[in-house]
Structure formats: structure tokens, C-alpha cells
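Heads up, the thing below is written out as C-alpha cells.
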Amino acid sequence: MVSRAGFDVIVVGGGHAACEAALSSARMGSKTLMITINVDQIAQMSCNPAIGGLAKGHLVREIDALGGEMGKCIDATGIQFRMLNRSKGPAVRGPRAQADKMLYKAKMRTTLENQSGLFIKQGQVKKLIINSREVIGVLTELGEKILANSVIVSTGTFLDGLIHIGLSSFPAGRAGEIASIGLSGQLRELGFTVGRLKTGTPARLDGTTIDYAKTELQPGDEDSVNFSFFYAGKKEKQTNCHITHTNETTQQIIEDNLDRSPLYTGVIQGVGPRYCPSIEDKVKRFPEKRRHQVFLEPEGLYTNEIYPNGLSTSLPFDVQLKFLRSIQGLENVEIVRPGYAIEYDFCTPTQLYPTLETKRISGLFFAGQINGTSGYEEAAAQGLVAGINASLRCCGEERLVLTRQNSYIGVLIDDLVTKGTEEPYRMFTSRAEFRLLLRPDNADLRLCDIGKKVGLLSYHDFSLFDSKRKRINFEKDRLKSIRLPYGKLTPADETNIGGKIPESGIILWELLKRPEMCVSSLPWYKPSPGLAIEEAEQLEIECKYEGYIARQEKLVHKTKKSEDKKFPIGFKFSSTPGLSMEVIEKLELVRPISLGQASRISGITPAALSILHIYLEKLSLEQTGGGV
């Protein structure tokens, strides 16, 4: 049975990558179908009930600036907002919010269902329909053939998912949900390299059985900051989290039961996340650390379930209960749902172009955990890019490639497609070479023009952004044009502004660079009406870091030359004289699109890059009719 309704784009999955992929392609005018195993679990937060954090908050801001939905959804459903690293520099701060996971899921599903051009179907994709190395649709478990120009696979942990609790194992994509069986087998048959990864989650606790008096209160920020540059709706009631710690008794209970852990008995073969280890991993790898922090995070306003962040585990149920009850405040705790580990298949991401289209099959895109990443934010960022490029492909337009120079999303994708990963990939600020330029506060200034250009960012949101940009530029011009004359301030005033001013006076922009100064405290100056607090902060950041920013911009300009040095379509690296077989093999595996991307492949030497550069110059001269 062939579906009569052909689609431009089919999105396989219903997680965070799938939501952004489906919305972006539909908003750009492509007729889009989302197929997911259970429509009631669309946008489910499988693990921690939170969005954002260090570097992850950057990703959410960038998704929003391009026209994505995650930032707006968490602003509407967040129940505690915090700015992490608030005392540090603006480049490494990270907005984070606890979510009411039921409200988040409901809000996202409502958005999807009300999106014009987007259709949702419950079903399981068993097979991709391929014709001459090009995807043309999917086949469901009911035998329905649905045709499309592009297909995005964003299956999360569902590909041959296997859950472990102690030494018991069973197939599942999440606890209580069936796994996707068969699709990864076809990917292997098509020649994709398929690996195995592992992640985990802690038990969920009954909050009524926790003694919060024995824990440390962790409130949210009073002056909370939105994720979205455009959200203006009301926020949900705010709530508190709590902090407690494991102890030596907890440690001993876990050590005594490692022989019942699937991690240490050879049952689990997949590689787990290095930067988000299970509690048994922490105990085994860091035995000298006898105390680990645990965040008790509410799963929502209308549930008693608590997420104990920091206690991911796959130990047997009885051991989970025993070590939990050894923790202060949890002496009488009851488990609502046990923690577990899950193994799942992923495809080595070096098999993708930076557009997230696969190199083997035209029109087939991968997004999210199938590419070896962890985290809602990393998944959503990939889904957005895959959705944009799947839609652009349908229109025959040039694909979007975000770069390391303009976004954290660009860093994420470049890392994946150039270096690959052998463990669940997590974004960190340290991965970005130009993080002073790629701050969460200026994501809109960096990316809104791109969102508008590809046709994703709405006219309304772009208008709000453009007005903001004009206000900031106008105010910057004002600050650079007003001079504070010498002798006009009292000694007390001079103390307040960090010392005397030169006899020639001082431009307010230069005065603002002093550590003591902010826009609102500048003498002889009143901000223009309508200048928002965050816009004033943007001016302060640009001013105080002006020298450092200029230095990084010069470096960006320098590196951009190698990024602009593109390899022709179908370029054969084996035809380049002087390259070793080892270098050719690595280049053919990744198939970089530019000299810059080639330079980031492990094992590509400066000598090889020089040869490639000279050969590209020679080809360019031959094409233009010049000599060598």
C-alpha cells in the first residue's frame, strides 16, 4: 500500500531533534510528516527535567535566534530559572531552567499540531525506501509506503534499544516504550558504520518521602533571564530545588554490589558518557572522593516525583533503594521508577556532510543521538539544521552550513562530522575557539540574519530583533560622541567613576571601559527611552571586551581564508600528487568540504595541507585560464 499523500520531508522520531526538524521544515514551506512510535511521548524529557546549562544554554539561544522553538517552550513551562557562572565572564555563563516536564511536552505538542504544513502520524518506520542511492520514502510496520523528497532520522535511544536494571535486560527505547527494531540493520546493509553507545538515568523519587529539612535549599534567580529573545508571555509559578550529598556509607553499599552491576560484569558493551557518569562509575573511577553532590529537582508543579540529579544508575532495584536511603534527607525515601542504563545504536557521524545529509544516501539526514550526541539541546540543534537543509534541498536551494566562527551549533556539527565520536558527545564552552565572540547574550546578533535568509525566522521575530539592533547601534554611536569635559566632576564623583579624567576630557565609551562603570551610572548621560536592561548589558560587554573581541575577530578573519578554500564537488583526494596513502584514506573517509575542515582531521599534517593548498590554487588557475 503506497500512501497517496507524498511529502517534501519525513521526520522519523518524536524527540527534541525531531520536534525542531519538523517545525523548521514546515515553517519554511515544506509539506512535512512526523512519524513517531507514540504521539503521547512527543518532546518527552527522558532524563533530567531541565533545559540549558553551561554551553547547552548557548545552543538554546542559537536555536531561538535561527527561528527554533526550544527557547520559547522552556520560557513558557520553566519552573526555576538560573544563570550559571553568573560571577564569571559573559562568554562562559549559561542559562538553565528546570522544566515542568508534562507542561513542556504538552506545549511543544500543541505547537507542532498547530503548525501549518506539518502532519503527525503514530507508527514505526521499519525501512527506508531507497532508489539509486537516494531516499524516496519510508515503509512502516503496517506495510504503508510513504513517499518524500527527504527523510530525517532522529530516533534517539530507540534504535535496537536495550534497557539494563541490574543483570536483567529487555528491549525498549525508553522505560515503558518499545524499541525501534530493524532500521539499524538496514543502515548496516546500506554500508553505514553503526556503533553502540550507552546512557543512563536515575531513579525517580516520591517527594513526599523526602525530609527536605535535612537538605540545602537551592532557589532560582529573582531576576531570571529568558532563553528566547522573543518570548513575552507569562511564566509558570517558580519553585525550589534542594541539595544533598552521598557519603561513605553510600560509597560502601555501591562498592559491595558492583558484581551485580551490568557495567562491571561485561553485560553492557556500549560506551557511556564520560562527563555524566553513573554513580557506580563515580565510585569506581574516583574512590578517593567520598562525597558526591546530589540535586533534588522537581519533575513538575503538579507531581511529587523528584529527579535526583547525579545518581544515574543501573544497579539492581534493591541496591538502588538501599544506597538512596543512606543519603541525608532520603532515609525513608520510596522509589517511583527505578534508574536504568540503556544501550542503543548510533551511526558514526563522519558519514555526514556539515549539512547533516548522509554521504552514502542522497536526501537522507541524521539528527540527534543517532549521531552520537547526548543531551536535549545538542539534539534540538541538529534537528533544526537538518530540518532547514532538508527543506532547502526540496527547493533546490543552497544548503546552510553553520561554522565554528559563527555559532556553537557550528562547533557541534563540525566536531561530529570532522572528528567523529566514540562516546556520547556533550557540548562544552572549551570546545569553541572563539567563545568570546559566541556568547549567549549575542546569539541573536550573530544568527537572526541567517534565520531570516533561509526563511525560518518569522517576520514578527525578525522585526523585534532588528529594532533591538538599531537601538544598540544608536546608543553606541551616542556613547562614542559624548565627551565628558575635564573639571566638571567633584572629587567624590571622580572616586565613583574610578579616578580622575584626562585634561582633554574623556569619551563616554572609553569611560565605560572602567570596571566600576555601567551604562546607568555614566555621568552626563541618560540612556535613550526604550533601551532595555539586556541591551544596556550588551553595550557594556562590547565596550569592556572591545580589545579582546577585536583580537578574536582578526583571528576569525585569518581562519576564514582556509574555510573559504573549498574542494570542488566530487574532488578525488587520491588525484592530489604528493599525499601519502594514510592521509588520502583519512581525507576520503571524512570528505571535508574545505581546507579548513581538512586541517581539523586528526593526522592531517601541515605538509599535507600545504600540498592541498597548492593543488587547489593550481586547479583555480587552470579553470580561469591562468598559468601556474
Side-chain angles (χ1 to χ4, degrees), residues 62 66 348-360 362 365-366 371 381-382 384-386 388-389 392-393 397-421 425 431-435 437-438 446-447 449-450 453-454 552-580 582-624 626:
E62 291 180 355
L66 288 165
T348 304
T350 51
Q351 300 169 105
L352 303 173
Y353 293 111
T355 60
L356 297 184
E357 186 174 10
T358 67
K359 296 170 183 174
R360 286 189 170 274
S362 178
F365 295 78
F366 292 162
N371 292 334
Q382 294 170 73
L384 184 84
V385 171
I388 289 171
N389 283 318
L392 290 173
R393 180 179 183 274
E397 296 182 18
E398 183 182 357
R399 316 295 193 270
L400 171 67
V401 174
L402 295 173
T403 70
R404 304 184 75 89
Q405 292 78 27
N406 68 14
S407 62
Y408 268 76
I409 300 177
V411 172
L412 163 69
I413 293 175
D414 185 67
D415 277 353
L416 292 172
V417 304
T418 304
K419 304 173 185 177
T421 187
Y425 177 101
R431 295 189 189 272
E433 306 92 316
F434 308 109
R435 57 184 173 273
L437 301 179
L438 309 182
R446 291 185 279 115
L447 298 175
D449 284 321
I450 295 175
K453 181 180 178 182
V454 299
Q552 281 214 341
E553 285 175 341
K554 285 182 181 178
L555 187 58
V556 165
H557 181 71
K558 184 178 179 180
T559 60
K560 194 172 183 296
K561 291 180 180 178
S562 62
E563 299 295 338
D564 289 340
K565 210 75 167 172
K566 304 287 186 186
F567 294 109
I569 295 173
F571 181 79
K572 295 185 182 302
F573 293 98
S574 57
S575 67
T576 308
L579 293 179
S580 69
E582 180 187 0
V583 167
I584 289 172
E585 285 176 5
K586 291 182 176 182
L587 289 168
E588 288 290 354
L589 177 66
V590 176
R591 296 210 56 79
I593 63 172
S594 70
L595 198 63
Q597 188 185 356
S599 71
R600 293 187 291 275
I601 300 173
S602 177
I604 303 301
T605 63
L609 291 170
S610 179
I611 290 170
L612 287 167
H613 185 276
I614 292 169
Y615 192 61
L616 286 175
E617 289 286 347
K618 178 184 175 183
L619 289 178
S620 177
L621 287 169
E622 288 175 351
Q623 289 170 2
T624 56

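Only heavy atoms go into these numbers, but all of them, side chains included; no hydrogens, no water, no symmetry mates. Residue indices begin at 1 and follow the sequence shown.
Note that the CG atom of L612 and the CZ atom of F573 stand 7.0 Å from one another [nearest 0.5 Å]. Once rounded to the nearest 0.5 Å, the distance linking OG1 of T576 with CG of L587 reads 8.0 Å. Separation of atoms OG1 (T348) and CZ (F366) is listed at 10.5 Å; rounding is to 0.5 Å. With rounding to the nearest 0.5 Å, the separation of CD in E563 from OG1 in T559 is 6.0 Å. The CD atom of Q405 sits 11.0 Å away from the CD atom of Q552 when rounded to the nearest 0.5 Å. Annotation: the span from R360 atom CZ to L352 atom CG amounts to 12.0 Å, rounded to 0.5 Å.
Minimum heavy-atom separation, A381 to L412: CB-CD2, 4.0 Å. Annotation for A608 and V583: closest pair CB-CG1, 4.0 Å, computed over non-hydrogen atoms. Smallest separation of non-hydrogen atoms from S594 and S562: CB-O, 4.0 Å. Among all heavy-atom pairs drawn from I413 and P354, the shortest one is CG2-O, 3.5 Å. Annotation for S575 and P577: closest pair O-CD, 3.2 Å, computed over non-hydrogen atoms. Nearest heavy-atom pair, T358 versus Y353, reported as atom, atom and distance to 0.1 Å: O-CE1, 3.9 Å.
At least one side-chain heavy atom of R393 sits less than 4.5 Å from a side-chain heavy atom of F365. Contact of the I450 side chain with the L447 side chain is registered, since non-hydrogen atoms from C-beta on lie closer than 4.5 Å. Residues I593 and K566 meet the side-chain proximity criterion, which asks for heavy atoms closer than 4.5 Å. S362 has its side chain within reach of E357: a pair of non-hydrogen atoms, C-beta onward, lies under 4.5 Å apart. Counting heavy atoms from C-beta outward, P592 and F567 have side chains that approach closer than 4.5 Å.
Comment: K565 engages E617 in a salt bridge, judged by a side-chain N to carboxylate O separation of less than 4.0 angstrom. Salt-bridge formation is detected for the pair R404/D415: a Lys NZ or Arg NE/NH1/NH2 atom is positioned less than 4.0 Å from an Asp or Glu carboxylate oxygen. A salt bridge does not link E588 with K572: every distance from a Lys NZ or Arg NE/NH1/NH2 to an Asp or Glu carboxylate oxygen is 4.0 Å or more. Note on R600 versus E433: no salt bridge recorded, every NZ/NE/NH1/NH2 to OD/OE distance being 4.0 Å or above.
Side chains of Q382 and N371: a donor-acceptor N/O pair is present below 3.5 angstrom, by distance only. Defined by atom type and a distance below 3.5 Å, a donor-acceptor pair is missing between the side-chain atoms of T350 and R591. With 3.5 Å as the limit, one finds no donor-acceptor pair spanning the side chains of E582 and S580. For the 3.5 Å distance criterion, the side chains of Q597 and T418 qualify, holding a donor opposite an acceptor.
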I'd like to know whether L66 forms a side-chain contact (heavy atoms from CB on, under 4.5 Å) with I409, so could you lay out the CA-CA distance, the side-chain angles of the two residues, the decisive distance to 0.1 Å, and finally the verdict. CA-CA 11 Å; L66 288 165; I409 300 177; 4.0 Å; yes
Worked check of side-chain contact (heavy atoms from CB on, under 4.5 Å) between R446 and S407: CA-CA 8 Å; R446 291 185 279 115; S407 62; 4.1 Å; yes
Test side-chain contact (heavy atoms from CB on, under 4.5 Å) on L609 and T605 and set out the steps. CA-CA 6 Å; L609 291 170; T605 63; over 6 Å; no
Worked verdict on V411 versus F434 for side-chain contact (heavy atoms from CB on, under 4.5 Å): CA-CA 10 Å; V411 172; F434 308 109; over 6 Å; no
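Annotation: cation-pi pair R431/Y425 present, NZ/CZ under 6.0 Å from the ring centroid and within 45° of its normal.
Side-chain atoms of N389 come within 3.5 Å of backbone atoms of T355 as a donor-acceptor pair (strictly under, hydrogens ignored). Counting only distance, with no hydrogens or angles, the side chain of D414 and the backbone of G410 share no donor-acceptor pair below 3.5 Å.
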